[in-house]
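Take a look at the structure below.
Everything numeric in this text was worked out from a predicted model, so none of it was measured. Here is the naming used below: chain letters follow the sequence lines, and residue numbers restart at 1 for every chain.
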2 protein chains.
Amino acid sequence: MATENNKEKYVYDYPHPAVTTDCVVFGFDGRDLKVLLIKRGIEPFKGMWAFPGGFMLMQETAEECAIRELKEETGLELKSVKQLGAFSGIHRDPRERVVTIAFYALAAKTVIRGGDDAADACWFAIDDIPQLAFDHDYILRHAMKRIREDIHFEPVGFDLLDEEFSMSELQRLYESILGVHFDRRNFYKKMMQTGILKEVADDSEEAGTSADDVLYDRGVNKKQNTFYGEHKEMRNRSIDELFAPQGGAGHSSKQAIPTDTFCYCENAISFHDEMEKPRPLGRPGKRFRFDKEGYNRMKESGNFRLEF
Amino acid sequence: MATENNKEKYVYDYPHPAVTTDCVVFGFDGRDLKVLLIKRGIEPFKGMWAFPGGFMLMQETAEECAIRELKEETGLELKSVKQLGAFSGIHRDPRERVVTIAFYALAAKTVIRGGDDAADACWFAIDDIPQLAFDHDYILRHAMKRIREDIHFEPVGFDLLDEEFSMSELQRLYESILGVHFDRRNFYKKMMQTGILKEVADDSEEAGTSADDVLYDRGVNKKQNTFYGEHKEMRNRSIDELFAPQGGAGHSSKQAIPTDTFCYCENAISFHDEMEKPRPLGRPGKRFRFDKEGYNRMKESGNFRLEF
DNA sequence: ACAAAAGTGTTTGGGATACACCCATGC
DNA sequence: GCATGGGTGTATCCCAAACACTTTTGT
């Protein structure tokens, strides 16, 4: 049906929409769930923030496209992305009819630090997202809904953490994603009895001041006194509340903040330089790893579900 | 970017894939979960069975396209479809690069009977699906997985039943979808305590020999003696087993059946004429309705989940 | 000494499961 | 009467939620 002539034009008997991909990349810095955005350099929506993504090539699947674009635009090299679905609003792109296939992905902390090509790529805390280009607000709502569902069935969390992590890091991650608070002891028990964690033998120094804590420490302790206080409200807020239309009801603090401050950008690159490493207070905890074998065993033997 | 010239050609600076939709329509006849398929009248895959669907127009969303194509090809008029996702395999259509956005939908029994335009549209029992065109086998696996997940959280079942139904009809539906068997009494209790059902006042005749039972009765009683025996194996079979590659291991009965028989077609239209109405045996049960208000109350007040 | 964070065990209540008897209908 | 299927209650068990004290570290 399609014919390619020499003038680099592509001709079809029937109109074809353009197909793009967009990728919602989640990260976790030990405190908040974050999303990777890029600042658009061209129209439409020039200057606004958007998910990395772009036009699909004929010789690649949508998944491959999402991974390629992510690499090109942010330097992140991920092995897999999960599809959220197609978004086909008729006027979602003012240029032409564009159907986008949206994905989401999880970037571990180590990977977060790896991004160097990301000139205009920044991580935004999930409750400090600026207004986005296209229908990306809408896509983000779907992505949040999806990650909250997936975390019950799949070991989503471990892709967001380093290989080794403490139980409280894991718990903070779950709490960030689900927006709730768990009893520390019950969380511990529940996690352990899933059989998807294995404890790391305590080889004294190994985990101590390693790079693991770098991102975690960055800035966390500045606010730590008020951490629970600040976010307590958020913890029981629904997705819709979190993503109410700009200036919507019920969240006056957001309205008061001017856009520039609201769009405060934590650039992935600058992470390296800015950080000091005050250790977390208190007793250092055991460290754990994701036990892939244990997970497979669980998955095979019946319906695996993390019941939170 | 796109330019339309007078020769009914559509020209783009970059190659565009075609975009289609496909819709997996589930039905339930009181015994088996069914899927609506159409026989392809043109190449490619002429003569093979496929999901209803077709090319998306520029002035419609993918959802609208799926609903429109469903109407055109089968006569079914549905109000909503749910998206499964985009399938973007490079060679999934031999003609040109085609990305399809797949949907699934649920058709109530009454609606099933309504289809008159469906010349080559047939319902197939979920464990008697012929080999399908394109990558539709693959899509069907996703659809089955999805409906099994959705049924836990959403009142999926009620879209497949008539307005009024008996508890055992509902149970059979759940058992068909999930492939398991429930204790009748526990199922009853669990369903009732969700608060999403309301009992229908017994106005004697109203529900008795009404059209409700028509489809249900068709053919069910012919096999009823052996119903549980025949399907017991299937009940605990996983999706992958159910959809093993043609001639795969472990299901010798299928291998023995020649394709023509295997593709036995229960045409939606002929339902009207063929049926006799032997009532179900035993004591006639209470009838229930889906309680939309109760469902909304449940959904708002915390995480609604049907735990099966 | 004190604050902060982490490790651990017990109790208890509610919900899921297993199970049995009686009733209504058609033949 | 008998086969078939529907309606209901109870006992049990397990899991999840609630909850407190001790230990380690840094200041």
Side-chain angles (χ1 to χ4, degrees), chain A residues 30-31 152 165-172 175 180-195 197 199-200 202 204-205 207-209 213 216-217 220-229 277-288 302-303 305-308, chain B residues 30-31 152 164-172 174-175 180-195 197 199-200 202 204-205 207-209 213 216-217 220-229 276-288 302-308:
Chain A
R31 183 174 51 119
H152 290 294
F165 47 85
S166 71
M167 191 58 82
S168 51
E169 282 174 308
L170 186 62
Q171 182 174 348
R172 267 192 294 268
E175 290 178 339
V180 294
H181 178 69
F182 298 114
D183 179 273
R184 192 167 48 91
R185 297 154 287 194
N186 292 332
F187 183 86
Y188 185 96
K189 268 181 296 185
K190 208 179 290 186
M191 264 301 162
M192 291 313 285
Q193 77 191 18
T194 62
L197 291 186
E199 194 178 328
V200 174
D202 185 10
S204 307
E205 276 310 293
T209 53
D213 302 301
Y216 167 68
D217 293 331
V220 171
N221 291 296
K222 297 172 195 165
K223 287 190 170 187
Q224 204 155 48
N225 302 333
T226 50
F227 171 36
Y228 281 96
K277 313 192 208 172
R279 284 171 173 246
L281 300 181
R283 178 174 169 180
K286 289 182 184 175
R287 310 230 112 218
F288 299 88
N303 313 5
R305 180 176 159 86
L306 277 169
E307 192 66 66
F308 285 119
Chain B
R31 183 175 50 121
H152 291 294
E164 284 183 20
F165 47 85
S166 71
M167 190 59 81
S168 51
E169 281 174 308
L170 186 62
Q171 182 175 348
R172 268 193 294 269
Y174 270 77
E175 290 178 340
V180 294
H181 178 69
F182 299 114
D183 180 274
R184 191 167 49 93
R185 297 154 286 192
N186 294 331
F187 183 87
Y188 185 95
K189 267 182 297 185
K190 207 178 291 184
M191 264 302 161
M192 290 313 285
Q193 76 192 19
T194 61
L197 291 186
E199 195 178 328
V200 174
D202 186 10
S204 307
E205 275 309 294
T209 53
D213 302 302
Y216 167 70
D217 293 331
V220 171
N221 290 296
K222 298 172 193 165
K223 286 191 171 186
Q224 204 156 48
N225 303 332
T226 50
F227 170 37
Y228 281 96
E276 304 143 38
K277 313 190 208 172
R279 283 169 173 250
L281 300 181
R283 176 176 170 179
K286 289 182 184 175
R287 308 230 115 218
F288 299 88
N303 311 7
F304 173 66
R305 180 177 159 85
L306 277 169
E307 192 67 66
F308 284 118

Quiz item: According to a strict under-4.0 Å criterion, is Y188(B) in side-chain N/O contact with OP1 or OP2 of dG7(D)?
Solution: no

Practice problem: Please say which of R172(B), M191(B), E199(B) ends up in a side chain to side chain contact (heavy atoms under 4.5 Å, CB included) with M167(B). | Solution: M191(B)

Quiz prompt | Distance below 4.0 Å between Q193(B) side-chain N/O and dA16(C) OP1 or OP2 | solution = yes

Quiz item: Atom CZ of F187(B) to atom P of dG15(C): distance rounded to whole Å?
Solution: 19 Å

Quiz item: Rounded to whole angstrom units, what separation is found between the CE atom of M192(B) and the C1' atom of dG6(D)?
Solution: 14 Å

Practice problem: Quickly work out the N186(A) CG to dA6(C) P distance and round it to whole Å. | Solution: 16 Å

Exercise. Check the distance between dA16(C)'s C1' and H152(B)'s NE2 and give it to me in whole angstrom.
Key: 15 Å

Quiz prompt | Atom-pair distance (CZ on F182(B); P on dT17(C)), nearest Å | solution = 9 Å

Quiz item: Could you give the CG-to-P distance, from L281(A) to dC2(C), as a whole number of Å?
Solution: 17 Å

Quiz item: Would you say dT17(C) has OP1 or OP2 under 4.0 Å from some side-chain N or O of K190(B)?
Solution: yes

Practice problem: Classify the side chain of R185(B) and the base of dG7(D) as holding, or not holding, a donor-acceptor pair under 3.5 Å. | Solution: no

Practice problem: Using whole Å, report how far NZ of K189(B) lies from P of dC19(C). | Solution: 13 Å

Exercise. With side-chain contact (heavy atoms from CB on, under 4.5 Å) as the test, would you mind laying out the steps for V180(B) and Y174(B) before giving the verdict?
Key: CA-CA 8 Å; V180(B) 294; Y174(B) 270 77; over 6 Å; no

Practice problem: State plainly whether the residues R287(B) and E169(B) are in salt-bridge range, i.e. N to O under 4.0 Å. | Solution: yes

Practice problem: State which of dT17(C), dT8(C), dC19(C) makes the closest approach to the side chain of D183(B). | Solution: dC19(C)

Quiz item: Where each residue is assigned the nucleotide of DNA chain D containing its nearest heavy atom, which of R283(A) and S168(B) is assigned the position nearer the 5′ end?
Solution: S168(B)

Practice problem: Using only heavy-atom distances, decide whether a donor-acceptor pair under 3.5 angstrom links the side-chain of K286(B) to the base of dT8(D). | Solution: no

Self-check item: Heavy-atom check, side chain of Y188(B) versus side chain of L197(B), under 4.5 Å
Solution: no

Quiz prompt | F288(B) side chain near M192(B) side chain, heavy-atom distance below 4.5 Å | solution = yes

Exercise. Report the distance from atom CE of M191(B) to atom P of dA16(C), rounded to the nearest whole Å.
Key: 12 Å

Quiz item: Quick one: on DNA chain C, does G282(A) or R184(A) contact a more 5' nucleotide (nearest heavy atom)?
Solution: G282(A)

